Amino acid sequence: MRVLILGGTTEARRLAELLHATPGLVVTSSLAGRVASPRLPPGEVRIGGFGGVEGLTAWLGEHGVDALIDATHPFAGTISFHAARAAATAHVPLLALRRPGWAPVAGDDWHETGSLEEAATLLPALGGRVFLTTGRMGLAAFADLDELWFLVRSVDAPEAPHPARMEVLLDRGPFTLDGERELLRRHRIDVVVTKDSGGAATAPKLTAAREAGLPVVVVRRPPVPEGVPVVGDPAEAARWIRDQGDVPAAG
């Protein structure tokens, strides 16, 4: 049985680990190539795009893929729609492995928006020193906010256009609560901006912001294809794959 995992996320890597060396399974993980030095999962790995729906459909057929897993980042919306169309065309079963989103709790001061551009319009009224944790892509949305200072955290260095008053922190999660508390204190942060990526690896910043009484601008997730079954845990996805091909569990 051949499985293609559209990955690049912690959940995708964990799924590849769970399936690795399972008799009867050949697993390929596909990474978009947007990170210079990604953490590679076990098994076969391909890096780069497919060339749209047609390219992905052709790849599924040429490689005899029996099951497709969309384990991409919640904000990599285009590929999810491509996967749904390609799987339907190629008659390949599709499952979405999507980490649950975050939800505000008592004490949170969240300001939800539908885009980075909307987030930028809110910032001048919320604070002057911004902890921007939306990654290196999309900084152009904040480039005109010359009166604000930004601490930008990303895995790779951002490129222009970006805010003029900016300090870059190159780092990769998971992050600790103590570390996030110290970061907010040391940089005198008074507003946090994040995407609703979900998961535990980057969630401590939300707790640290709540403790400090800071507002958090949260960009909502983009829409996803309808009719695609979804699980939130790699172990559930592994069971689904084994059920598709009646493959025994590893070990």
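Just so you know, these numbers use all the heavy atoms, side chains as well, and skip hydrogens, waters and symmetry mates. Remember, it's a predicted structure, so these values are computed and weren't measured experimentally.
Using cut-offs of 30° and 60° for the angle between ring planes, the F75 and H73 rings count as tilted.
R99 has a carboxylate O that lies under 4.0 Å from a charged side-chain N of E11, or vice versa, which qualifies the two as a salt bridge. The pair E182-R185 meets the salt-bridge criterion, with a side-chain N (NZ, NE, NH1 or NH2) lying under 4.0 Å from an Asp/Glu carboxylate O. For the pair E211 and R181, the salt-bridge criterion is met [side-chain N within less than 4.0 Å of a carboxylate O]. Salt bridge R210/D108: present, at least one basic N to carboxylate O contact under 4.0 Å.
Using modelled atom types and a 3.5 Å distance limit, the side chains of E44 and T28 yield a donor-acceptor pair. Side-chain N/O atoms of D70 and T72 include a donor and acceptor closer than 3.5 Å.
Around atom CG of D144, no more than 12 heavy atoms belonging to other residues, nucleotides or ligands sit under 6.0 Å away. Environment of CD in E159: sparse, with no more than 12 heavy atoms of neighbouring residues, nucleotides or ligands closer than 6.0 Å.
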Inset, instruction - May I have the step-by-step check of side-chain contact (heavy atoms from CB on, under 4.5 Å) for S30 and F50, ending in yes or no? - result: CA-CA 9 Å; S30 178; F50 290 93; 3.4 Å; yes
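Between the T22 side chain and the L25 main chain, no donor and acceptor come within less than 3.5 Å of each other. The backbone N or O of I189 sits nowhere less than 3.5 Å from a side-chain atom of W149 that would complete a donor-acceptor pair. Side chain of R2 to main chain of V27: no donor-acceptor pair is present (N/O by atom type, distance under 3.5 Å, no hydrogens or angles). Between the side chain of R129 and the main chain of V191, no donor-acceptor pair closer than 3.5 Å is present.
For the side-chain hydrogen bond (donor to acceptor under 3.5 Å, both in side chains) criterion with T133, the lone passing option out of K205, E180, R153 is K205.
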